Structure formats: C-alpha cells, structure tokens
Amino acid sequence: GENVEQHPSTLSVQEGDSAVIKCTYSDSASNYFPWYKQELGKRPQLIIDIRSNVGEKKDQRIAVTLNKTAKHFSLHITETQPEDSAVYFCAASKGNQFYFGTGTSLTVIP
Amino acid sequence: GAVVSQHPSWVICKSGTSVKIECRSLDFQATTMFWYRQFPKQSLMLMATSNEGSKATYEQGVEKDKFLINHASLTLSTLTVTSAHPEDSSFYICSARSGGPVEQFFGPGTRLTVL
C-alpha cells in the first residue's frame with residue numbers, strides 16, 4: 001500500500017516568515033494530493049490540493065508543489081500569521097484510498 | 001463546502017459495552033464514506049472505506065468483527081465499536097465524498113473514552 005512520510009514533525013517560525021512542509025509518497029499511481037489543517041479537537045479542513053497533472057498551485061499565501069518523478073510534494077505558507085498555528089497533514093490518494101502523513105505541528109510566534 | 005455531521009461528539013462507556021457512532025452527509029449524497037482513528041498528537045489512520053449498499057473494506061490490522069461498519073444509505077454510515085476496551089479510547093473521525101469530486105469532507109469527530 002501507500003506510504004506517506006511528512007517532515008518536519010514540528011516547526012516554529014516567526015510571524016511574517018515562511019513555512020515549508022514536505023511529504024513523500026511511495027505509490028506512483030497516487031494522483032491526488034490534498035493538504036489539511038487541523039486545529040486542536042477539530043476536524044481536518046482542506047486548505048489546498050493538487051492533482052498529478054499539475055506541478056504547482058497557489059491560493060493567496062498558500063502554495064503546493066508536486067514532483068511526480070521524485071514522488072514528493074510540499075506545502076509553502078508565506079507571510080505566516082499566528083492563526084496559521086495548527087497541525088498540517090498531507091495526504092496521497094488514488095481512487096477511494098486516502099493515506100495521510102504523520103502531521104506537522106506549526107507554531108507561528110508573534 | 002459540503003457538511004458532514006457525527007453523533008455523538010463525545011461518549012464515555014464501560015469496558016465490554018458496545019458504542020455506535022453515526023456519520024451523516026447533510027447536503028449531499030455520499031457514495032463513499034471513510035472511518036479514521038486518531039490518537040493524541042498523531043495522524044489520521046484509515047480504518048475502513050465503505051460504499052453505500054456494500055460491505056466495508058477494512059485496512060490491514062483493523063478487526064472487522066470489532067469495528068462494525070454499516071453504510072445503509074447515501075447519507076448515513078455507522079461505526080459500532082463492539083465490546084469496547086480502554087485501548088479503543090480514541091478520536092474517531094468519518095469523512096464522506098460524493099461520486100463526483102475527489103475531495104472528502106470530514107465530520108467533527110467523536111471522542112470515545114472507555115473506562
């Protein structure tokens with residue numbers, strides 16, 4: 001089955017700086033890569049996603065890049081704000097199968 | 001986006017009892033529903049995938065006789081934890097997707113505590 005690895009597990013940045021979270025996957029058939037933000041005790045919320053036929057996608061301060069050859073994808077958050085503090089999960093999916101990374105706890109220091 | 005609800009949001013039960021958790025898609029028809037388990041400060045672990053009207057597909061290592069899943073309609077799936085034990089205490093989250101978009105929508109989760 002699919003194996004998704006995520007790094008780093010924790011990340012602290014100063015407000016206004018950028019944050020980068022990286023994930024790798026093992027199954028070359030995976031074709032959909034969403035990123036979720038989860039605040040403590042709440043449900044994961046989709047923040048951005050990318051499909052395998054696209055190399056990069058941007059939505060305001062958030063961007064995702066995908067390298068299919070290397071089987072890795074990254075989340076980039078620019079101009080971080082305290083409200084960006086949360087746990088972020090990447091996922092790799094094919095068909096009905098979704099496999100999540102281990103999560104990154106992001107802390108934005110005011 | 002689409003709304004998924006879960007009930008109950010929090011349940012405490014005695015060891016040996018069974019607990020049923022409901023997952024409902026409120027404004028769309030969910031052809032597929034997923035059940036995840038999440039331990040504190042850990043990732044979501046996929047337990048099973050269920051399609052309406054058919055048997056659930058369980059992930060390796062998940063006991064299908066212990067975690068009974070029923071997806072009887074396009075808007076409702078249930079997870080029953082049978083003969084619960086303290087090690088079953090966890091946060092259980094469901095998600096649902098329609099037959100169209102790939103995106104899945106998560107429920108708010110159910111915190112199960114087994115005494």
Side-chain angles (χ1 to χ4, degrees), chain A residues 1-11 21 23-25 27 29-54 57 59 64 66 75 85-107, chain B residues 1-7 9-10 23-26 30-52 54 56-62 71 77 90-113:
Chain A
E2 176 67 277
N3 181 40
V4 180
E5 295 189 355
Q6 184 172 346
H7 299 281
S9 57
T10 59
L11 179 60
I21 303 171
C23 286
T24 61
Y25 61 100
D27 191 341
S30 293
N31 56 14
Y32 175 65
F33 307 91
W35 285 89
Y36 293 88
K37 175 182 180 183
Q38 187 181 27
E39 297 178 5
L40 190 62
K42 297 188 177 180
R43 77 186 81 192
Q45 299 273 14
L46 178 71
I47 55 172
I48 196 167
D49 57 12
I50 191 168
R51 297 178 191 277
S52 59
N53 58 348
V54 176
K57 183 177 179 181
D59 183 4
V64 58
L66 170 66
L75 176 71
S85 297
V87 178
Y88 291 81
F89 293 100
C90 64
S93 170
K94 61 174 181 178
N96 267 340
Q97 297 173 313
F98 282 76
Y99 295 94
F100 285 80
T102 48
T104 296
S105 177
L106 173 65
T107 301
Chain B
V3 180
V4 175
S5 70
Q6 263 183 260
H7 177 80
S9 56
W10 189 24
C23 178
R24 293 181 185 272
S25 57
L26 300 184
T31 54
T32 306
M33 285 186 167
F34 306 86
W35 286 96
Y36 296 87
R37 184 174 181 177
Q38 187 176 34
F39 291 104
K41 297 185 179 181
Q42 293 192 24
S43 186
L44 294 101
M45 184 192 78
L46 179 65
M47 298 175 66
T49 302
S50 72
N51 293 296
E52 185 266 338
S54 62
T57 302
Y58 289 81
E59 294 297 303
Q60 192 173 10
V62 178
H71 192 165
S77 177
S90 189
F91 194 52
Y92 292 88
I93 305 179
C94 73
S95 70
R97 56 168 294 207
S98 66
V102 180
E103 181 181 353
Q104 58 177 314
F105 302 95
F106 284 89
T110 296
R111 185 161 302 283
L112 171 64
T113 301

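Just so it is clear, the values below take in all heavy atoms, side chains as well, and ignore hydrogens, waters and symmetry mates. Proteins get letters first, then strands, A, B, ... in listed order; numbering begins at 1 in each. Predicted model, so just to flag it, every value in this text is computed and none were measured.
- In terms of heavy-atom proximity, B:L44 sits nearest to A:P44 at CD2-CG, 4.0 Å.
- Taking the six-membered ring wherever Trp is involved, the centroid distance between the rings of A:F98 and B:Y36 does not fall below 6.0 Å.
- Contact annotation for A:Q38: only side-chain heavy atoms (C-beta onward) come within less than 4.5 Å of a heavy atom of chain B.
- Atom-to-atom distance recorded for B:L46:CG and A:E2:CD is 12.0 Å, nearest 0.5 angstrom.
- Chosen from A:P34, A:G101, A:G103, the residue pairing most often with chain B at heavy-atom distances under 4.5 Å is A:G101.
- For the atom pair A:D49 CG and B:Q104 CD, the distance stands at 11.0 Å (nearest 0.5 Å).
- Here the closest heavy-atom approach between residue B:S43 and residue A:F100 is recorded as OG-CB, 3.5 Å.
- A:K42 approaches B:F91 most closely through the heavy-atom pair O-CE2, 4.4 Å.
- Interatomic distance, CG of A:L40 versus NZ of B:K41, reported as 9.0 Å (0.5 Å rounding).
- In this structure, B:V4 and A:R43 approach most closely via the heavy-atom pair O-NH1, 3.1 Å.
- Here the CG atom belonging to A:L46 is positioned 9.0 Å from the CZ atom belonging to B:F106, to the nearest 0.5 angstrom.
- The greatest number of non-hydrogen atom pairs below 4.5 Å with chain A, out of B:Q38, B:Q42, B:Q6, B:R111, is found for B:Q38.
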